[in-house]
Amino acid sequence: MKGNLSDLMQQAQKMQADMQKKQEELAQAEVTGEAAAGLVTVVMNGRHDVRRVQIDDSVLSEDKAMLEDLLAAAVNDAVRKVEQKNREAMSGLTAGLNLPGGFKMPF
């Protein structure tokens, strides 16, 4: 019994270390969100920090409201891509665990 508990604790510590490493990797990873078929792009890291914004010159002739909408759409696209990438990465770490539905990692 004592050996099983020790093994379980070691597995938990390894999983915690693996999760922390993965979270650090994801925080540094960059994704690109876009709008208007790439005329407006936003590069965002895994911490949701916007790193770069690129706006094609052709869009600058549009009215202000249109440009604001395209920028918002590109940011939203980048946020969705970050969230999807994070979900996929974490699901790989927790695949062997029988976690209840709706359980969110990390704790």
Side-chain angles (χ1 to χ4, degrees):
M1 176 88 167
K2 187 175 182 181
N4 290 339
L5 184 57
S6 176
D7 290 344
L8 185 61
M9 290 299 291
Q10 286 177 352
Q11 289 174 352
Q13 288 173 342
K14 181 184 181 320
M15 186 175 98
Q16 184 178 17
D18 290 347
M19 286 184 71
Q20 185 173 6
K21 182 180 176 187
K22 182 59 76 175
Q23 287 173 331
E24 291 169 7
E25 289 172 10
L26 289 170
Q28 298 302 317
E30 293 185 342
V31 300
T32 301
E34 63 177 49
L39 294 178
V40 177
T41 61
V42 172
V43 177
M44 180 180 287
N45 69 13
R47 288 190 177 108
H48 298 96
D49 296 329
V50 174
R51 297 295 192 180
R52 285 183 301 284
V53 175
Q54 294 179 325
I55 301 171
D56 189 88
D57 290 338
S58 65
V59 177
L60 295 176
S61 63
E62 299 293 329
D63 67 350
K64 181 181 177 208
M66 175 66 81
L67 182 55
E68 290 170 345
D69 289 345
L70 291 175
L71 187 55
V75 169
N76 290 336
D77 185 46
V79 168
R80 283 190 290 275
K81 287 179 179 179
V82 166
E83 295 301 320
Q84 180 64 31
K85 186 175 189 142
N86 289 348
R87 271 193 305 276
E88 289 171 1
M90 288 301 163
S91 71
L93 287 176
T94 61
L97 303 174
N98 287 325
L99 299 175
F103 189 80
K104 301 220 180 220
M105 296 292 275
F107 314 102

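If you read the sequence from its start, that first residue is 1, and numbering goes on from there.
A donor-acceptor contact closer than 3.5 angstrom is absent between the side chains of Gln16 and Gln20.
Note that the CD atom of Glu83 and the NE2 atom of His48 stand 4.0 Å from one another [nearest 0.5 Å]. Going from atom NZ of Lys85 over to atom NZ of Lys81 covers 11.0 Å, rounded to the nearest 0.5 Å. Atom CE of residue Met15 and atom CD of residue Gln11 lie 10.0 Å apart, to the nearest 0.5 angstrom. In this structure, the separation between CE on Met44 and CZ on Arg52 is 12.0 Å, given to the nearest 0.5 Å.
Here the closest heavy-atom approach between residue Asp77 and residue Thr32 is recorded as OD2-O, 4.2 Å. Closest approach of Val42 and Leu71 over heavy atoms only: CG2-CD1, 4.0 Å. The two residues Glu88 and Ser91 have their closest heavy-atom pair at O-OG, 2.9 Å. Of all heavy-atom pairs between Leu70 and Val59, the closest is CD1-CG1, 3.7 Å. Nearest approach of Asn86 to Gly46, heavy atoms of both residues: ND2-O, 4.2 Å. Contact between Ala35 and Ala74 at its shortest, heavy atoms only, is CB-N, 3.9 Å.
With a 4.5 Å cut-off on side-chain heavy atoms, Gln54 and Thr41 count as touching.
The hydrophobic side chain of Val43 is isolated, with no ILVMFWY side chain under 4.5 Å apart from it.
The pair Asp18-Lys22 does not meet the salt-bridge criterion, since no charged nitrogen lies less than 4.0 angstrom from a carboxylate oxygen.
Counting heavy-atom neighbours within 6.0 Å of Arg87 CZ, excluding the residue itself, gives a total above 12.
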